[in-house]
J.: 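Shown below is the structure under consideration.
Computed from heavy atoms alone, side chains included, the values below leave out hydrogens, waters and symmetry copies. Note that the structure is a prediction, hence the values are computed from the model and not measured.
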Amino acid sequence: GYTPLTVYTGGSERMRIDTSGNVLVTNSGGGLGYGTGSGGTVTQATSKSTAVTLNKPTGQITTNAAALAAGAEVVFTFNNSLVSIVDIPLVVAITNSNYTAQVGGVGSGLFNIVLKNRSGGSLSDAVVINFAIIKGATT
């Protein structure tokens with residue numbers, strides 16, 4: 001018969017791949033994600049609609065501090081050679097609750113980010129957006 005593959009550190013089980021192929025974090029304080037060295041940062045050069053490029057699976061994008069009107073949205077392209085059409089990019093604006101960020105579409109080598117000013121006034125913040133790419137497959 002088959003047995004699960006288990007990973008131990010410090011005498012305790014931390015992770016396992018069960019006989020069905022599920023990858024499970026088995027300690028209560030554990031997490032699953034990218035490790036140190038896999039991330040990067042990039043800053044927009046001229047406006048909130050300017051495309052940026054960073055070929056890392058996770059990291060932060062800092063937008064240009066140009067004004068964004070109350071309730072307005074702006075779309076910019078995030079070029080990343082690690083992204084394929086079947087992947088699931090995740091984004092979240094972390095600067096403050098006046099902004100939301102979401103993925104507007106995914107292509108080969110890029111995805112679009114829609115940044116919205118949810119406040120009642122024009123804002124001129126350099127918004128920090130965290131991103132991570134979850135790899136996908138269709139077969």
J.: Could you check whether any side-chain N or O of K56 sits under 3.5 Å from a backbone N or O of S38, counting only pairs where one atom can act as donor and the other as acceptor?
T.: no
J.: Return the CG to CG distance between L82 and L110, rounded to the nearest 0.5 Å.
T.: 12.5 Å
J.: Could you see if L123 belongs to whatever hydrophobic cluster contains V74? Use Ile, Leu, Val, Met, Phe, Trp, Tyr and a side-chain cutoff under 4.5 Å.
T.: yes
J.: Report the residues that fulfil ring pair (Phe, Tyr, Trp, His ring centres under 6.0 Å) with F78, sequence neighbours left out, ordered by chain and then residue number.
T.: F111, F131
J.: What pairs with T95 under side-chain hydrogen bond (donor to acceptor under 3.5 Å, both in side chains), at least two apart in sequence or on another chain?
T.: none
J.: Check the pair Y8, R14 against side-chain contact (heavy atoms from CB on, under 4.5 Å), reporting the backbone distance first and the verdict last.
T.: CA-CA 5 Å; Y8 289 84; R14 305 298 181 177; over 6 Å; no
J.: Going by distance alone, is a donor N or O of one side chain under 3.5 Å from an acceptor N or O of the other, for T26 and E13?
T.: yes
J.: Would you say that I133 contacts K135 through its side chain, given a criterion of any heavy-atom pair below 4.5 Å between the two side chains?
T.: yes
J.: Under a 3.5 Å cutoff, is there a donor and acceptor pairing between the side chains of Y99 and D125?
T.: yes
J.: Compare every heavy atom of A70 with every heavy atom of G121, then report the nearest pair and how far apart it is.
T.: N-CB, 3.5 Å
J.: For the NZ atom of K48 and the CZ atom of F76, what is their distance to the nearest 0.5 Å?
T.: 10.0 Å
J.: Is a donor from one side chain sitting under 3.5 angstrom from an acceptor on the other, for S20 and N22?
T.: no
J.: Do S81 and N55 have side-chain atoms, one donor and one acceptor, less than 3.5 Å apart?
T.: yes
J.: Hey, is the main chain of E73 close enough, under 3.5 Å, to the side chain of K116 for a donor-acceptor pair?
T.: no
